[in-house]
Amino acid sequence: MSVQFHAQLLAESLQEAGDLFVRRCQYLNPPLSGLSQVLEVDTRLDAHLDLLFYGGAGALKLAKQTEADAGSLYAAARTMIRLGQWEAWQSLADVVASAEDDPDRLQAGDPDVMMAMAAAAAHEPWTGALDGIEAALAAGGDDTLLPSLAHAAGYHRWDLVPALTAGLTVGVKAPAVWLWALGQIDEARARATVLPFLESPDADVARAAASALCRTEDDQVAHWLAAQARNQLWAPVVLAFLGGPGAAQSLALHIETGDAYAICAAGLLGDGALVPVLLRALENPDLAPNAAQALHLVSGCAPMEAEPPTATEGDDAEDDPAPPPTEWRLAQSQTEWTQALSGAGLQFSPAVRYRLGAPASPLQSILALRSPQLRQDLRALVIDELYVRFGLGVHLRADQHAARQLRVLFKLEQFLPQMASPTPPGAFSFQGRRGVG
């Protein structure tokens with residue numbers, strides 16, 4: 001009886017851990033009740049994962065039999081990695097490679113299966129030696145585990161630049177992940193390998209290369225990137241991180257072509273001259289979600305509206321008389337935003353960057369990272385901005401355990417008054433000094 005009860009307890013923990021992982025992903029996009037909402041989920045998730053980690057062979061057996069949905073795969077992968085079961089993790093990765101994401105789950109905000117595997121690798125502490133990971137990365141190829149390992153290397157900033165550059169030279173799946181990792185670890189040592197990828201016809205790859213290069217500390221490299229950024233796929237990345245007062249006009253041209261990433265870049269640049277462009281972008285349903293995020297990041301305004309029901313919710317309405325709880329989001333109406341901006345009485349001065357309605361500064365970026373309306377992908381860009389614009393290198397990730405995020409943000413805010421040369425508010429700066437754009 002006790003064996004059966006133990007197995008049932010582990011099975012319930014595996015299921016619950018998977019469900020909680022999916023919920024935390026949804027709460028981060030965006031955390032409408034703030035990071036405290038995510039912290040509550042993280043605490044419960046930790047408890048279930050701890051039970052699995054101590055479950056030994058019984059937990060491993062269940063993990064090997066897991067379903068191929070994102071939550072279950074995350075919980076199973078975390079268990080296998082913690083128990084040192086590399087071969088089992090490899091087998092699980094092979095299952096993921098052949099799995100298809102459920103479109104209804106994705107529409108509801110669930111993570112995709114590959115993202116779940118990468119998150120599992122990133123969220124594990126990896127206290128042991130990295131020799132096996134280093135060898136696997138250096139070999140490159142199409143091993144299904146490699147993107148997750150490359151993501152973990154960048155996430156933890158492991159000193160594996162030679163292995164990552166070797167693998168990237170050989171050829172790998174998802175090169176954008178490898179480029180991101182190299183930028184996070186050491187842009188200078190990876191520069192020669194990363195530069196050619198600016199010419200990639202794949203927008204994700206070209207942007208990842210540009211993002212990695214923007215993390216340079218070399219003024220000459222930064223000047224070169226800013227001078228080259230025109231109509232390339234990667235140009236909005238550089239204009240957002242390194243652009244000066246003239247970058248707004250170039251970004252506006254990218255937005256007019258329907259480039260959704262350029263809208264996020266406009267929010268990160270923070271030039272008030274782009275507000276009318278962002279308001280016009282709200283008229284395009286494909287661009288409106290990013291435009292609302294960008295406007296919030298620049299202005300701090302947050303007009304809200306009810307989230308329309310998904311197609312699945314509409315189909316079930318006749319069978320279930322109880323209406324689903326109302327979900328809220330930043331308004332995607334031009335009228336709502338025009339009224340919100342007018343009501344806030346904001347006056348955007350030329351040649352000034354803005355963050356949440358005030359001249360951009362490290363403190364305003366920290367406040368943005370605490371915003372309950374900002375999506376995870378925008379928060380990740382703001383974290384990189386702390387380094388590129390202000391020279392503040394902190395080990396902070398937009399999907400880290402909420403307790404660590406809150407702790408790092410608190411300590412960073414306490415440190416700001418001690419900065420020897422605080423960046424002038426609103427300046428188009430680079431590494432805490434005069435800008436290059």
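All values below were derived from every heavy atom in this structure, side-chain atoms included, with hydrogens, water molecules and symmetry-related copies excluded.
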Take atom CD in Gln65; do more than 12 heavy atoms of anything else shown fall under 6.0 Å from it? yes
Please answer whether the main-chain N or O of Glu124 pairs with a side-chain N or O of Arg82 as donor and acceptor at a distance below 3.5 Å. no
Go through the steps to decide whether Arg370 and Glu413 satisfy the test salt bridge (Lys or Arg N to Asp or Glu O under 4.0 Å), and finish with yes or no. CA-CA 12 Å; Arg370 291 192 175 124; Glu413 187 172 354; 2.7 Å; yes
Would you confirm whether Gln405, through its side chain, and Ala398, through its main-chain N or O, come within 3.5 Å as a donor-acceptor pair? yes
Given the rule in the salt bridge (Lys or Arg N to Asp or Glu O under 4.0 Å) test, do Arg353 and Asp271 qualify, once you have shown the distances and angles that lead to the verdict? CA-CA 5 Å; Arg353 296 180 61 238; Asp271 193 325; over 6 Å; no
Quick one: closest heavy-atom pair of Arg389 and Gly243, and the distance? NH2-O, 2.9 Å
Any Lys/Arg nitrogen of Arg433 or Asp219 sitting under 4.0 Å from an Asp/Glu carboxylate oxygen of the other? yes
Supply the atom-to-atom distance Phe53 CZ to Leu60 CG, rounded to the nearest 0.5 angstrom. 12.5 Å
For the pair Gln293 (side chain) and Gln373 (backbone), establish whether a donor and an acceptor sit closer than 3.5 Å, ignoring hydrogens and angles. yes
Are side-chain N/O atoms of Thr43 and Asp46 paired as donor and acceptor at under 3.5 Å? no
Whether Asp259 and Arg207 form a salt bridge (side-chain N of Lys/Arg under 4.0 Å from carboxylate O of Asp/Glu) is what I want to check. yes
Measuring from Leu409:CG to Leu35:CG, what's the distance to the nearest 0.5 Å? 7.0 Å
Is there a donor-acceptor contact under 3.5 Å from the side chain of Gln232 to the main chain of Gln228? yes
Minimum heavy-atom distance between His151 and Ala122, given as atom pair plus value: CD2-CB, 3.7 Å
Arg24/Asp19 under salt bridge (Lys or Arg N to Asp or Glu O under 4.0 Å): CA gap, chis, key distance, verdict: CA-CA 9 Å; Arg24 88 181 297 271; Asp19 291 344; over 6 Å; no
Do the side-chain N and O atoms of Arg23 and Tyr27 include a donor-acceptor pair separated by under 3.5 angstrom? no
So for atom OH, which belongs to Tyr54, do other residues, nucleotides or ligands contribute more than 12 heavy atoms lying within a distance under 6.0 Å? no
Pair Glu187, Arg215 - check salt bridge (Lys or Arg N to Asp or Glu O under 4.0 Å), show working. CA-CA 6 Å; Glu187 177 277 334; Arg215 291 183 62 85; over 6 Å; no
Walk me through it: do Val113 and Met117 pass the test side-chain contact (heavy atoms from CB on, under 4.5 Å)? CA-CA 6 Å; Val113 293; Met117 289 291 284; 5.8 Å; no
Does His156 reach the main-chain N or O of Trp158 with its side chain, forming a donor-acceptor pair under 3.5 Å? no
Between atom CG of Leu268 and atom CG of Leu239, what is the distance when rounded to the nearest 0.5 Å? 11.0 Å
Determine, stepwise, if the pair Val408 / His395 fulfils side-chain contact (heavy atoms from CB on, under 4.5 Å). CA-CA 8 Å; Val408 171; His395 189 64; over 6 Å; no
Can you tell me how far NE2 of His48 sits from CD of Glu12, rounded to the nearest 0.5 angstrom? 9.0 Å
Return yes when atom CD of Glu40 has more than 12 non-hydrogen atoms of other residues, nucleotides or ligands closer than 6.0 Å, and no otherwise. no
Under 3.5 Å donor-acceptor, Ser200 side chain and Phe197 backbone: no
CD of Gln414: more than 12 outside heavy atoms within 6.0 angstrom? yes
Which heavy-atom pair separates Pro372 from Gly34 by the least distance, and what is that distance? CB-N, 3.8 Å
Would you please classify the geometry between the Trp126 ring and the Trp86 ring as parallel, tilted or perpendicular, with 30° and 60° separating the classes? perpendicular
What is the ring orientation for Phe21 with His123, classed by angle as parallel under 30°, tilted 30 to 60°, or perpendicular over 60°? perpendicular
Between OG of Ser13 and CG of Asp50, what distance do you get to the nearest 0.5 Å? 10.0 Å
Nearest non-hydrogen partners of Ala368 and Leu374, listed with the distance: O-CD2, 3.5 Å
Backbone N/O of Ala150 and side chain of Trp178: donor-acceptor pair under 3.5 Å: no
Donor-acceptor pair, Asn29 side chain versus Cys25 backbone, under 3.5 Å? yes
Measure from the side-chain N and O atoms of Arg397 to the backbone N and O of Tyr155, and report whether any donor-acceptor pair falls under 3.5 Å. yes
Would Ser299 and Leu356 satisfy side-chain contact (heavy atoms from CB on, under 4.5 Å), going step by step from the backbone distance to the final call? CA-CA 5 Å; Ser299 71; Leu356 298 186; over 6 Å; no
Can any side-chain N or O of Thr216 pair as donor or acceptor with the backbone N or O of Leu213 at less than 3.5 Å? no
What are the two closest heavy atoms between Trp234 and Ala206, and how far apart are they? CB-O, 3.5 Å
